[in-house]
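What follows is a short report on a single structure.
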Amino acid sequence: MSDFAAPRANSIEEGYLELMRKKRLYGGLTLLIFVLLMVSGFLLADSRNAGGFWDGLSHLLDFPSSVLSEASEKISLLPGIMWKVLPLLIETLNIAAVSTLVGGLAAVVLALLSTRGLAPWPWAIPFFRRCMDLMRAFPEIVIALVLIFILGGGPVPAMIAIAFHTSGALGKLFSEVAENADLKPVEGLSSVGASWMQRMWLGVLPQVMPNWMSYALLRFEINIRASAILGFVGSGGIGYELKIAMQWGQGRYDEVVAIFIVLFLTIVLVDQISSHLRQRLVKGS
Amino acid sequence: MQSAAAQAILPEVTRQFSRKRLFAFGSVVAVLGYLVYVFFAFDILGLNERARWDNANVLVADFWSYKTHVVRQNRTGDIKIAIEGENKGTWPEGKSPDWVERQGDRVEIDLGEGHRVFYEGKTDALYRFPGYGDILLGMEGRRVKLTTPDGQIPDWINASNTRVAITTDQGRLTFTRAKTEVFHYEPGWELFFFTLDSPFYGRSFGELVGLAFSSERVVPERSNIGAMWHDFWHNKMWHHAEVFGAIFETVLMAFLGTMTAALVALPMAFMAATNFSPFMLVRQFFRRIFDFARGVDALIWTIVLSRAFGPGPMTGALAIALTDSGSFGKMFSEALENVDNKQIDGVSSTGAHPLQRYRFGVIPQVMPVLLSQILYYLESNTRSATIIGAITGGGIGLLITQAMYTQKDWEEVCYYIILIVLMVMAMDSFSGWLRRKLIKGKESGLA
C-alpha cells in the first residue's frame, strides 16, 4: 500500500504546485492591471484637472489657514453666528428627517410589494424591483434641480429629491430583510382569514421592524449629508448659506468656519446617537 | 391548573398589551404631529403660488419635442430658418424643411391640422386658423395692426400696439415691428445624429446602412463609416464626444476615489483594530482620524480641496478618497476585529513571520467582506461623483448643472439624465457581478 501512496502523493503535490503557480500568476496579473489602472487613471485625472496635483499640494493649506486666521480674529463673534445659522441647520435636519420618513413609508410599501411570499401580486414583483432600481439610480441633484426650476427655491425640492432616492434605496434593503422573515405567522393569520393588510401588519412588521428601523436610522445619517450638499448646489438649509458665504469670500470666512463647525458637530452627534440606537435595536431583537 | 396560571399572568399581559398599544399610538401621533409642523415650516400651502407650472410645461415639451424658428426681419425681408433659433441649427440658404415653401418673398408655413402661416412682402403676415378664419397682421405706420375675422380678440391672441402673439396647439406666431417669428414644434430630439451641415443629415436608416457599405465616398478624405462616426461624434449641437468624456471622468473619479480610500484605509484599520494594535492610545488616535474624516463630510472636503487643486476630476477623486477612507477605516477595523484567530495561530505555528501571518492568516478571511464593501461603495460613489462634480466643476455633474442653470436646453438635460441613470445602473450591475464572482470564487477556493 505504501508503494502506491508515494507516487500518488507526488502527483498530488505536483498538481497542487501547478495550481498554486497558476493562482499566483492570475493574482499577479490582476494586481498588475489594477496598479496600471490606478496609475494611468491618476495621470489622466491630473492632466484633466485645472491645477496639477503637486502644485495644489503646496497650496492645500492656504484656504484653511486664511479661513482660520480670519475666524480666530473674530472668534468672539462665532457663537453669535452659530446661533444665527441654527434655524438653517434645523431646516437641513428637517429636510433629512421628512425625506427619511416619507421615503421610508414608500419603501415599506415597495418592499412588501416586491418580496417573494409576501407580495399580493407575485407577477408584479419584477416590475416593482425595476422601479426601485430606477429610483435608486437617480442622483438626488438631478431631481432637485429640475424641481427648483418648477417649484422655486426652498426646502421642498430637496426634500422630494431625497425622499425619492431614499424610497428606492431603503426599499431594496427592506425587501432583503423581509425575505428572511418567518412565514409561519403569515400562514397562521391567513388560516384565520386575515386580509393582506392584517397579515403584513400583524405577521411581518413585528419581525422586521428592528432591522428596518436600524436601516432607516442609517439612511437618516446619509440624508443629513445629502441635504447639506443639495443646499449648496441648489437651495435650502445650511448648505445654501454656506454657498453664499463662500461666494462672498474674504470677510465672511468667520461664517464659513461657524457653519463648518456646526455641520461637523451635528453629523458626529447624529452618528453617535444613531449607532447607539441601532445597536440597541439589533441586540434587542 | 392551566387556567389558574393563565389567570395569574393575565393582568401582567393585559398591562403590557395596553402599554404597547399606547406606545404604537403615541409614535403614530408623534410622526403625524411632526409632519404637521413641517407642513407649516416648509410653507407647503404657499408652494402652489410659488410654483411655475408654465416652466413645467416648457420643460416637458422640451424633453420630447423641439421647435424650429422661421424668422423674417420686417425691415429687410430676410428669412432665416433655425432649429431652436441657434446658429448651429440654421438651415443653409436655399434649403428648407418640407413644411416651409418659399417663392420669392412669399413664404408658406404649414403648421399641420390645417393651420397655415403666410409671409407676404416685407411686413405682412397671415395666420389661417381652420374653423375661425384668416388673421391678418401688418404695420400701420409705427403700430402693429391686427385684423381678426370677427373683429374680436380671442384669449389665445395676446395683442398690443407693438406686439401680437398668437399661441395655438400647432405652434406660435409673434409679430413685432422688427420681426415676424413662427415656432413650429416637432417631436423628437433635433439633429441628434447629424447636424444640418453633415452630408448624412436627413437620410433614412436604410440609406445610411447602404452608404456605410458602399465604396463610393461621400466625403473624399474618409471612408463612409468613418465620416458618419466623425459627424456624429463631433455633432455641434449635442457634443457627444464631450458628454461621453464627462461620463468617463465621473466614473474615473468614483474609481480612483474608492480605490485610494481602500488602499489608505487598510493599513490604518490594522492600527485601529483591538486584536492587532496593542496600544490603546494608537487605536484611539486612528479611530479619531476615521471619525474626523467621516464627520467633516464630502461637502466640506470638496470645498477645501477645490480651492487648492482647482476644478477637475482629480479634486473630485481626492474628496471621495478622503471621506471614504474614514468610512472604510471604521468598517475594515470592525471586520478585522471579527477574524478567527485559529487560522492565524495555524499560520504562525509553521514559523511564519508577522507579514506572512497577515498575508495568509488574516487577508483571506477579511477579503470577501472588504471587497464587497469596496464594490458597494464604488457604485454609490458613481452617484456621489455626479454631485461632487457639480461642486468642483468636473464630469457630467458640471455639464448637467450648466445646462440647468441656462434654463433652456432641457432636451440636453434629459439626455444627460438618461445617461447618468444608465451609468449608475451599469456600475450597479457591474459591481454586483464582480462581487458575486469574486466572493463565490473565494468561497469555493476555501471549500
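Note that these values count all heavy atoms, side chains included, but never hydrogens, waters or copies made by symmetry. Per chain, numbering begins at 1; letters A, B, ... match sequence-line order. Nothing here was measured: the structure is a model prediction, and the numbers come from that model.
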So which of A:Asn94, A:Leu134, A:Val142, A:Asp271 has the biggest tally of heavy-atom pairs under 4.5 Å with chain B? A:Asn94
Carefully, step by step, assess A:Arg48 and B:Glu249 under the rule side-chain contact (heavy atoms from CB on, under 4.5 Å). CA-CA 9 Å; A:Arg48 294 181 84 149; B:Glu249 237 175 45; 2.7 Å; yes
Nearest heavy-atom neighbours spanning B:Gly295 and A:Val268: CA-CG2, 4.2 Å
Answer yes or no: is there a side-chain heavy-atom contact under 4.5 Å between B:Arg50 and A:Leu151? no
With a sphere of 6.0 Å drawn around OH of A:Tyr26, does it hold more than 12 non-hydrogen atoms of other residues, nucleotides or ligands? no
Which value, rounded to the nearest 0.5 Å, describes the distance between B:Ile417 atom CD1 and A:Phe138 atom CZ? 6.0 Å
Would you check if A:Phe260 and B:Val304 make a side-chain contact, meaning some heavy-atom pair closer than 4.5 Å? yes
Quick one: of B:Ile44, B:Asp291, B:Ile391, B:Ile400, who has the most non-hydrogen atom pairs under 4.5 Å with chain A? B:Ile391
Which residue out of A:Ala97, A:Ala137, A:Ala226 racks up the most heavy-atom pairs below 4.5 Å with chain B? A:Ala137
Any A:Leu242 side-chain heavy atom under 4.5 Å of B:Leu299 side chain: yes
So, taking the atom named CZ in A:Arg136 and the one named CZ in B:Arg383, what distance separates them when rounded to the nearest 0.5 Å? 7.5 Å
Relative to chain B, which of A:Val102, A:Val156, A:Ile148, A:Ile90 shows the most heavy atom pairs under 4.5 Å? A:Val156
Short N-O contact, B:Arg307 and A:Asp62, less than 4.0 angstrom: no
For A:Met246, which atoms come within 4.5 Å of any heavy atom of chain B: side chain, backbone, both, or neither? both
Chain A contact via B:Val296 - side chain, backbone, both or neither, heavy atoms under 4.5 Å: both
Turns out that what part of B:Leu35 lies under 4.5 Å from chain A's heavy atoms comes down to side chain
Quick check: do A:Phe232 and B:Ile303 have side-chain heavy atoms less than 4.5 Å from each other? yes
Euclidean distance, A:Phe42 CZ relative to B:Thr260 OG1, rounded to 0.5 Å: 3.5 Å
Under 4.5 Å from any heavy atom of chain B - which part of A:Val270: neither
How long is the straight-line distance from CG of A:Leu37 back to CE of B:Met259, given to the nearest 0.5 Å? 9.5 Å
Find the distance between CG (A:Leu263) and CD1 (B:Ile300) and round it off to the nearest 0.5 Å. 4.5 Å
Of all heavy-atom pairs linking B:Leu256 and A:Met38, the shortest is CD2-O, 3.8 Å
State the CD1-CD1 distance between A:Ile229 and B:Ile387, to the nearest 0.5 angstrom. 6.0 Å
Heavy-atom closest pair, residues B:Phe42 and A:Pro155: CD1-CG, 3.5 Å
Where does B:Phe39 contact chain A at under 4.5 Å (heavy atoms): side chain, backbone, both or neither? neither
Pick one of side chain, backbone, both or neither for B:Met404, based on which atoms fall under 4.5 Å of a heavy atom in chain A. side chain
Non-hydrogen side-chain atoms of A:Asn49 and B:Pro311 separated by less than 4.5 Å: no
Looking only at heavy atoms, which two atoms of B:Pro313 and A:Ala45 are closest? And how far apart? CG-O, 3.7 Å
Counting only non-hydrogen atoms closer than 4.5 Å, does A:Ile267 touch chain B with its backbone (N, CA, C, O), its side chain (CB onward), both, or neither? side chain
Using side-chain contact (heavy atoms from CB on, under 4.5 Å), reason through B:Arg52 and A:Phe149 one step at a time and then give a plain yes or no. CA-CA 8 Å; B:Arg52 301 269 316 267; A:Phe149 179 60; over 6 Å; no
Can you name the closest pair of heavy atoms from B:Ala390 and A:Val233 and give their distance? CB-CG1, 4.4 Å
Portion of B:Ile388 that has a non-hydrogen atom of chain A nearer than 4.5 angstrom: neither
Contact part of B:Asp428 toward chain A, heavy-atom cut-off under 4.5 Å: side chain, backbone, both or neither? side chain
Using a 4.5 Å cut-off on heavy atoms from C-beta on, say whether the side chain of B:Met425 contacts that of A:Arg130. no
If you tally heavy-atom pairs under 4.5 Å against chain A, which of B:Trp410, B:Tyr37, B:Tyr416, B:Trp53 wins? B:Trp410
